[in-house]
Amino acid sequence: MKSTILRLVPVILLGLSSLGFAGEPTEAGIAAAKAWLGLVDEKQYKESWVQAAPYFQEKVPEGDWVKMISSVRSPLGAVKSRELLGAQFLQSLPGAPDGDYVVMQFRTSFENRSDAVETVTPMKDPQGVWRVSGYFIK
């Protein structure tokens, strides 16, 4: 039986219940996460890998990503709604290199599951572009 939990990058996310909003870096990270989630929602899985952070790409080969995300997201059906619960700007995460991150959670309703929580973690890449470095859904 396939689990509905997808952990792609070995990042331990602590204190998510206290997420808040913290200015411009957080807003840029949120925008990047929403754009990336749009690719996943449209089943553009290969493109979502291409648009992900180099750190993500190093940890999860493209073929593995496409298999994992399609096996988890396809059974859920289309997104009916997605609400941002909170976002927090951080400069370090356990198990990940130091850098600029935004850890955020969305309450998402899918056709076949109404109570999912997606955690998306964009990071600023070496060129200064915000790209998703982690995705977790439960």
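Please read all numbers here as calculations on a predicted model, not as lab measurements. Position 1 is the first residue of the sequence, and the numbers go up from there.
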Atom pair [atom1] ([X]) and [atom2] ([Y]), whose distance is rounded to the nearest 0.5 Å:
X	Y	atom1	atom2	answer
E118	L76	CD	CG	8.5 Å
F56	S133	CZ	OG	8.5 Å
I69	L39	CD1	CG	11.5 Å
K46	S48	NZ	OG	11.5 Å
Y135	T121	OH	OG1	11.5 Å
Q51	Q44	CD	CD	9.5 Å

Are side-chain heavy atoms of [X] and [Y] found at a separation under 4.5 Å?
X	Y	value
R73	V79	yes
K34	F106	yes
Y45	K43	yes
V117	I137	no

Between [X] and [Y], which heavy-atom pair has the shortest distance, and what is it?
X	Y	result
R131	P54	CD-CD, 4.3 Å
V102	G29	CG2-CA, 4.1 Å
D100	W130	O-CZ3, 3.4 Å
A33	M104	CB-SD, 3.5 Å
A96	Y55	CA-OH, 3.7 Å

**OP:** Would you tell me whether D98 and Q91 have side-chain atoms, one donor and one acceptor, within less than 3.5 Å of each other?
**Re:** no
Got a donor-acceptor contact below 3.5 angstrom from the [X] side chain to the [Y] backbone?
X	Y	value
E111	A78	yes
N112	P75	yes
S71	M68	yes
W49	V60	yes

Original post:
Same cluster or not: are V40 and V50 linked, directly or through other Ile, Leu, Val, Met, Phe, Trp or Tyr residues, by side-chain heavy atoms under 4.5 angstrom apart?
Top reply: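 Linked within one cluster.
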**OP:** Please state whether the rings of W65 and W36 are parallel, tilted or perpendicular, taking 30° and 60° as the class boundaries.
**Re:**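 Ring orientation of W65 relative to W36: tilted.
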Original post:
Please walk me through it: do R82 and L37 pass side chain to side chain contact (heavy atoms under 4.5 Å, CB included)?
Top reply: CA-CA 10 Å; R82 179 178 284 129; L37 284 169; 3.8 Å; yes
Original post:
In this structure, are over 12 heavy atoms from other groups packed under 6.0 Å from E42 atom CD?
Top reply: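 Open.
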